Enquirer: 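Mind having a look at this structure? Questions to follow.
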Amino acid sequence: MVFSCPTLSYVCSYGENSYKGGLQSAKKSTTTVKVQEESLKKLEQTATCILRNVYFAAKEMIPNSSTGALHELCLIQGLTDLAGLQSDKLVSYQDDQSIEDFQQAIAEVMDEGILKRARSSNCFSILVDESEDCFTEPCLFLYLRIIEHVAGGYEPKTYFLAVKRLRAEVTAEKIAAELADVLKEKDLDMKQMCGFAIDGAAVTAECKNGVVTQLKAQAPGLLSIHCIAHRLALSSMSAADTVPYLVKYQQILDSVYKYFVDLPKNREGLEAMQKILRDTHKQSSPFKDIFPSRWLTVRASVEAVIRNFGNLVSVLQDSRSARGAGLAKTMCTYKFLHCSHFLADILHQLYILCKSYQTSNVDFSIVHPLLKSTVTTINKLSAERAGEMLKNLLAALPPNMWDEGLADCSFTFQNHRIKGGRRQRTEAESTCRIFLENLTRDLKARFSEAKDAATMTAMTAIFDPAHAPDSKSRHIQTVTDYLSALSDEGDKDDFEMSCKQELVSFMNFVESRPGVHALTSAKDVCELALKQKLMFPVVSSLAERYLVLPIPTADLDGPFGRQHSLRTKLGNSLTSRSLENLIKISIHGPPIKEFNFVAAYSKWASIKANGAHQQKS
């Protein structure tokens with residue numbers, strides 16, 4: 001028996017018609033989806049090609065304005081994946097803002113891995129390089145230093161973090177506020193910051209101290225570091241700037257450099273410089289611009305003037321210009337020659353010390369012995385006139401030129417008449433003596449053992465295998481006081497006793513360890529402590545903090561050089577955002593084959609989607 005239901009029949013009939021219509025609609029929808037998927041696939045291919053070109057341009061420091069030409073070259077060469085650039089939708093992706101979006105996507109991918117490792121670390125350090133070279137306003141370049149587990153060992157790694165413009169006068173409050181904002185933006189806990197280093201020509205000592213004071217209130221155990229190489233350069237600058245003739249001397253060297261820079265416009269200067277370089281076989285240092293904030297750079301210019309003196313004066317005298325003749329007259333004095341040769345000897349010793357301070361294995365245990373040795377050497381050179389350069393000058397002088405009965409106070413040096421006399425000699429020797437006294441006094445003041453430096457020296461003594469056991473024992477209390485300030489333990493006395501016992505046990509463990517691999521450096525001992533974390537938890541924490549401190553600055557030579565090259569090459573046309581991204585890509589970007597462009601495309605698509613949403617709202 002079959003029951004008939006009109007309502008059911010209607011519903012079934014309607015459902016059948018609806019199914020047929022829906023099937024046709026589904027087919028259309030599927031076709032649309034396929035078209036959309038194909039369009040998105042082409043978009044991804046095109047955007048990925050653009051990302052590769054932008055990445056290549058950033059690594060090679062090619063200006064953003066040339067990226068469009070790079071895209072065009074790829075199209076001419078037949079790169080079909082870039083054909084989408086010719087569509088209306090992608091034309092705008094070649095402008096400056098769009099290129100910055102691509103750079104931002106690449107930089108975010110690079111940031112993710114670095115910040116993930118930083119957040120999982122127990123501590124990190126921040127390095128700030130302050131500069132006014134590129135922008136009209138002061139600018140802070142921030143670096144992040146963390147410890148990474150690499151090939152079974154532990155390595156300190158330094159990464160570029162951010163660029164921040166200070167749109168007004170540099171103050172401690174502004175620097176501290178900018179740093180706090182960056183750490184918050186990167187989701188880094190300020191309490192884990194254990195080291196802080198800041199350097200820059202426009203940052204005064206008072207400003208640095210103010211920044212450190214504010215940061216220490218939020219980061220217990222923070223140690224402030226002033227780069228030892230920077231301290232040396234500042235001591236040289238301070239010692240020279242208090243001597244009137246040396247201020248004038250810098251101006252003379254700067255004028256000589258600028259004289260030859262300006263003259264090539266009429267070819268005469270270029271030919272003159274080529275003659276000097278061709279005729280002087282001992283030429284080893286080029287003429288350089290003088291930077292008062294980097295006084296050790298004067299060394300290269302001093303040596304260039306000495307080695308090229310005869311030819312240089314001849315060119316200036318034959319230049320048929322009042323400016324050239326005036327420079328030649330100023331240089332043809334005994335005072336100028338004496339100071340030049342004296343400074344060449346002294347600055348050479350400081351240069352050797354500076355290079356020693358920039359080696360990767362320098363630590364606080366050898367800072368003061370190296371400094372003391374250098375000061376002793378330069379004092380001896382001055383007292384005995386034993387510097388090679390000054391000895392050569394004195395040997396070339398007429399034997400009786402200082403006799404009081406001589407009417408003519410001039411003498412011949414490298415075929416030029418030099419103004420001499422007792423007054424010239426007295427003023428030259430006085431200038432050099434005052435400079436050396438100022439230098440010695442300033443070095444002593446800048447390298448005195450402040451509290452943070454004493455703590456780092458004690459940490460070095462604990463971990464350095466070259467230190468004798470009795471030397472290590474003298475530093476245990478300093479290290480214990482530092483660790484106690486970090487501890488949350490209620491009973492400080494019990495913690496200090498436990499800390500001392502662990503430090504002694506660890507030092508005995510290192511001394512008696514019969515391992516195959518010899519412990520030859522503080523880094524080796526720190527790695528041992530980190531591997532024995534369960535046995536020595538407190539010492540392990542101390543070792544991690546010690547390794548992350550930016551005591552040596554040699555590993556920043558590459559990043560700083562790349563940073564300054566970018567700013568010099570591309571100049572004020574860069575926004576802070578673009579400069580930050582370019583530095584990150586340029587310094588930390590892996591080979592182009594190893595970079596994750598899939599992740600970069602996802603970041604870029606997200607940036608574009610957010611931009612479109614903001615425009616609608």
Side-chain angles (χ1 to χ4, degrees), residues 131-133 199-205 226-258 285-307 309 327 330-331 333-358 370-372 374-383 385 387-390 393 424-448:
S131 177
E132 292 181 323
D133 295 342
D199 289 293
V203 179
T204 63
H226 188 184
C227 170
I228 48 183
H230 275 79
R231 273 188 276 176
L232 186 60
L234 290 171
S235 290
S236 304
M237 177 186 71
S238 178
D241 285 351
T242 55
V243 184
Y245 182 73
L246 290 186
V247 174
K248 180 182 178 180
Y249 184 87
Q250 295 176 67
Q251 295 170 351
I252 295 171
L253 296 187
D254 196 41
S255 297
V256 170
Y257 171 82
K258 291 177 179 176
S285 302
F287 294 98
K288 291 188 175 183
D289 202 355
I290 306 300
F291 297 97
S293 61
R294 300 287 184 268
W295 212 83
L296 285 178
T297 62
V298 174
R299 179 191 66 88
S301 296
V302 171
E303 292 184 359
V305 167
I306 292 173
R307 298 185 189 281
F309 183 81
L327 284 172
T330 304
M331 294 169 64
T333 63
Y334 178 75
K335 183 192 288 190
F336 181 86
L337 284 173
H338 185 102
C339 290
S340 295
H341 288 74
F342 175 85
L343 287 174
D345 289 328
I346 300 304
L347 293 178
H348 182 71
Q349 295 299 321
L350 294 178
Y351 173 75
I352 294 173
L353 179 61
C354 186
K355 297 298 286 185
S356 300
Y357 280 166
Q358 294 182 58
L370 284 173
L371 177 66
K372 185 177 180 180
T374 300
V375 171
T376 300
T377 300
I378 60 179
N379 281 326
K380 183 177 180 180
L381 292 178
S382 176
R385 297 185 178 182
E388 289 300 318
M389 291 292 191
L390 189 55
L393 172 66
Q424 284 279 324
R425 179 186 180 183
T426 302
E427 290 180 358
E429 292 177 347
S430 175
T431 295
C432 295
R433 184 184 67 255
I434 295 172
F435 169 72
L436 197 57
E437 291 173 354
N438 292 346
L439 178 64
T440 304
R441 182 170 56 252
D442 199 275
L443 286 171
K444 184 177 179 180
R446 290 184 188 274
F447 284 84
S448 61

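Atoms considered below: every heavy atom in the structure, side chains included; atoms not considered: hydrogens, waters and symmetry mates. The model shown is predicted, which means the values in this text are computed figures rather than measured ones. Sequence positions, counted from 1, serve as the residue numbers for this chain.
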Enquirer: Would a 4.5 Å heavy-atom cut-off, applied to side chains only, mark Val302 and Met389 as touching?
Expert: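 The answer is no; the side chains never approach within 4.5 Å.
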Enquirer: Which atoms form the tightest heavy-atom contact between Leu246 and Ala240, and what is the distance?
Expert: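 Closest approach of Leu246 to Ala240: CB-O, 3.7 Å.
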Enquirer: Quick one, Ile378 and Leu436 - any side-chain contact, counting heavy atoms below 4.5 Å?
Expert: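 Side-chain contact under 4.5 Å: yes.
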Enquirer: Take Tyr249 and Leu343, measure what side chain to side chain contact (heavy atoms under 4.5 Å, CB included) needs, and give me the verdict at the end.
Expert: CA-CA 11 Å; Tyr249 184 87; Leu343 287 174; 3.9 Å; yes
Enquirer: Of the non-hydrogen atoms in Thr333 and Gln424, which two are nearest, and what is the gap between them?
Expert: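 Nearest heavy atoms, Thr333 then Gln424: CB-OE1, 3.5 Å.
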Enquirer: If only atom types and distance count, is the side chain of Asp442 paired as donor or acceptor with the main-chain N or O of Ser238 below 3.5 Å?
Expert: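 Absent.
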Enquirer: Quick one: closest heavy-atom pair of Ala239 and Asn438, and the distance?
Expert: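 Taking Ala239 first and Asn438 second, the nearest heavy atoms are O-ND2, 3.6 Å.
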Enquirer: Using a 4.5 Å cut-off on heavy atoms from C-beta on, say whether the side chain of Glu427 contacts that of Tyr245.
Expert: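 Of all side-chain heavy-atom pairs linking Glu427 with Tyr245, none is under 4.5 Å.
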Enquirer: Show the nearest heavy-atom pair for residues Thr374 and Gln349, with the distance to one decimal.
Expert: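 Shortest heavy-atom separation between Thr374 and Gln349 comes out as CG2-O, 4.0 Å.
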Enquirer: Less than 4.5 Å apart, side chain to side chain, heavy atoms only: is that true for Val305 and Phe336?
Expert: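 They are in side-chain contact.
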Enquirer: Nearest 0.5 Å, what's the CE-OG1 distance between Met237 and Thr242?
Expert: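 If I round to the nearest 0.5 Å, the distance is 11.0 Å.
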Enquirer: Flag the pair Ser430 / Ile434 as yes when at least one side-chain heavy-atom distance between them is below 4.5 Å, and no otherwise.
Expert: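 Contact flag for Ser430/Ile434 side chains = yes.
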Enquirer: Mind listing the closest non-hydrogen atom pair of Gly387 and Leu381 along with its distance?
Expert: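 Between these two residues, the closest heavy atoms are N-CD2, 3.6 Å.
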Enquirer: Atom CG in Leu390, atom SG in Cys339: separation rounded to 0.5 Å?
Expert: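 Result: 10.0 Å between the selected atoms.
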Enquirer: Could you grab the distance from atom CG of Asn379 to atom CG of Leu439, nearest 0.5 Å is fine?
Expert: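 Here the rounded value is 9.0 Å.
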Enquirer: Grab the two heavy atoms, one from Ala344 and one from Ile306, that are nearest each other, plus how far apart they are.
Expert: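 Residues Ala344 and Ile306, closest heavy atoms: CB-CD1, 3.7 Å.
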Enquirer: Could you check whether the rings of His338 and Phe342 sit parallel, tilted or perpendicular, using 30° and 60° as the cut-offs?
Expert: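 Taking Phe342 first and then His338, their aromatic rings lie parallel (interplane angle under 30°).
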